[in-house]
Amino acid sequence: MSHICDCIKLIVSLGVTALILWLSLHTTKPKCSIGDVYVQGLDKSINSNYNKTKRDNHISFQLNLKNEMKDKSVRYDNVTLSFYYGKNTSYPLGNYTFVKFKQGKGKEASKVGMFEAHNMPWDNAIKDASNNSKAIIRVDVRTKIRYKIIFWYTKRHNYFVENKVEIDDTGKSSAQQISCCFGIFGFLLFVLSFLL
């Protein structure tokens with residue numbers, strides 16, 4: 001009987017240890033959004049008849065990253081944003097890169113950028129943005145991130161975000177919440193720690 005009790009205590013102890021280990025190593029991917037997108041060339045108020053010869057090709061935007069973990073910081077490699085017109089990658093407009101940086105525990109980071117768009121199909125874009133409709137700009141965000149757990153950083157993990165931003169005839173778009181495609185790092189650690 002004592003052996004059974006000892007076995008039960010051992011199992012419970014291992015389970016509690018695995019849970020504590022998982023909680024300490026568990027990571028949550030940063031939340032990401034694109035806001036304040038402005039395509040001046042689609043702003044009908046300053047583009048009389050959308051005059052092609054006077055159209056400004058610049059696109060401005062804001063990248064927002066939020067680390068919701070209160071006990072872990074995040075280190076980003078260079079963050080590259082690739083812009084395309086439409087829902088796929090048929091019309092590449094340009095890229096913008098933010099240099100690598102660190103994000104503290106429970107902190108938010110906002111990065112503002114602007115670039116000159118090339119190969120914008122203006123005729124289609126103007127048509128799509130008119131008549132209460134929307135022009136679509138796809139934004140792909142790529143980087144590698146590491147989490148700081150206690151005194152050390154994890155290995156680098158791929159971080160990829162795809163978003164489709166809607167632009168109206170004011171040239172603007174409201175903030176768009178982006179879903180992140182990332183691994184199940186925390187869950188795998190839990191399973192491994194429980195089995196070992």
Side-chain angles (χ1 to χ4, degrees), residues 24-42 55-122 125 135-167 171-189:
S24 65
L25 297 178
H26 177 66
T27 56
T28 302
K29 57 181 177 281
K31 287 187 182 266
C32 182
S33 67
I34 295 287
D36 296 334
V37 178
Y38 181 55
V39 185
Q40 186 170 315
L42 292 179
R55 184 177 298 115
D56 189 313
N57 294 332
H58 288 87
I59 296 178
S60 61
F61 62 94
Q62 179 173 292
L63 171 67
N64 304 305
L65 292 163
K66 183 177 182 181
N67 175 19
E68 295 188 325
M69 296 179 294
K70 304 299 183 183
D71 58 344
K72 300 175 184 68
S73 59
V74 180
R75 187 178 293 277
Y76 299 84
D77 284 1
N78 290 351
V79 181
T80 300
L81 285 77
S82 300
F83 294 78
Y84 307 88
Y85 184 78
K87 296 180 179 181
N88 53 45
T89 59
S90 299
Y91 294 96
L93 303 179
N95 301 317
Y96 192 94
T97 299
F98 294 105
V99 296
K100 58 186 179 180
F101 64 96
K102 178 182 176 182
Q103 186 174 36
K105 303 171 183 177
K107 299 294 184 179
E108 296 184 32
S110 294
K111 304 286 185 178
V112 177
M114 177 185 289
F115 71 100
E116 185 174 3
H118 299 285
N119 304 318
M120 173 73 87
W122 286 110
I136 304 295
I137 291 181
R138 169 173 166 167
V139 186
D140 288 355
V141 181
R142 288 183 175 85
T143 187
K144 291 181 182 292
I145 62 175
R146 292 183 291 162
Y147 300 102
K148 187 176 184 181
I149 300 177
I150 308 177
F151 301 113
W152 67 89
Y153 282 96
T154 66
K155 66 178 183 180
R156 285 178 170 82
H157 299 275
N158 290 324
Y159 185 93
F160 173 75
V161 173
E162 177 187 325
N163 192 39
K164 296 176 178 64
V165 181
E166 296 183 344
I167 310 293
K172 299 178 181 178
S173 172
S174 59
Q176 300 283 329
Q177 201 64 24
I178 318 180
S179 59
C180 303
C181 301
F182 191 60
I184 51 174
F185 177 65
F187 177 73
L188 289 177
L189 278 175

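Residue numbers start at 1 and run along the sequence shown.
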Mind listing the side-chain donor-acceptor pairs of residues 99-106 below 3.5 Å, one per line with the distance, residues two or more places apart or on another chain?
from, atom 1, to, atom 2, distance (Å)
Gln103, OE1, Tyr76, OH, 2.6
Gln103, NE2, Leu65, O, 2.7
Gln103, NE2, Lys107, O, 3.1

**Aromatic plane relationship, Phe115 with Phe83 - under 30° parallel, 30 to 60° tilted, over 60° perpendicular** = tilted
Over all heavy atoms of both residues, which pair between [X] and [Y] is shortest? Give the atoms and the distance, please.
{"X": "Met69", "Y": "Thr28", "value": "SD-N, 3.2 Å"}
{"X": "Lys29", "Y": "Tyr147", "value": "CA-OH, 3.5 Å"}
{"X": "Lys164", "Y": "Lys87", "value": "CE-O, 3.3 Å"}
{"X": "Ile145", "Y": "Tyr159", "value": "CD1-CD1, 3.7 Å"}
{"X": "Phe98", "Y": "Val112", "value": "CE2-O, 3.6 Å"}
{"X": "Ser73", "Y": "Tyr153", "value": "OG-OH, 4.2 Å"}

Quick one: are [X] and [Y] in side-chain contact, heavy atoms under 4.5 Å?
{"X": "Phe61", "Y": "Lys111", "answer": "no"}
{"X": "Val161", "Y": "Ile34", "answer": "no"}
{"X": "Met114", "Y": "His58", "answer": "yes"}
{"X": "Lys72", "Y": "Lys148", "answer": "no"}
{"X": "Asp36", "Y": "Ser60", "answer": "no"}
{"X": "Met120", "Y": "Ile59", "answer": "yes"}

**Item:** Test salt bridge (Lys or Arg N to Asp or Glu O under 4.0 Å) applied to Arg138 - qualifying residues, sequence neighbours left out
**Value:** Asp140, Glu162
**Message:** Closer than 3.5 angstrom, by distance alone: can the side chain of Ser173 be matched with the main-chain N or O of Glu166 as a donor-acceptor pair?
**Reply:** yes
[X] [atom1] to [Y] [atom2] distance, which is reported to the nearest 0.5 Å:
{"X": "Gln40", "Y": "Asn57", "atom1": "CD", "atom2": "CG", "value": "10.0 Å"}
{"X": "Arg142", "Y": "Leu81", "atom1": "CZ", "atom2": "CG", "value": "10.0 Å"}
{"X": "Leu42", "Y": "Lys172", "atom1": "CG", "atom2": "NZ", "value": "13.0 Å"}
{"X": "Thr89", "Y": "Tyr84", "atom1": "OG1", "atom2": "OH", "value": "5.5 Å"}
{"X": "Ile149", "Y": "Thr154", "atom1": "CD1", "atom2": "OG1", "value": "6.0 Å"}

**Message:** When you compare the side chains of Thr143 and Asp77, does any donor N or O come within less than 3.5 Å of an acceptor on the partner?
**Reply:** no
**Request:** Verify the neighbour count for atom OH of Tyr38: are there more than 12 heavy atoms of other residues, nucleotides or ligands below 6.0 Å?
**Result:** yes
**Request:** Check the pair Leu93, Tyr85 against side-chain contact (heavy atoms from CB on, under 4.5 Å), reporting the backbone distance first and the verdict last.
**Result:** CA-CA 7 Å; Leu93 303 179; Tyr85 184 78; 4.1 Å; yes
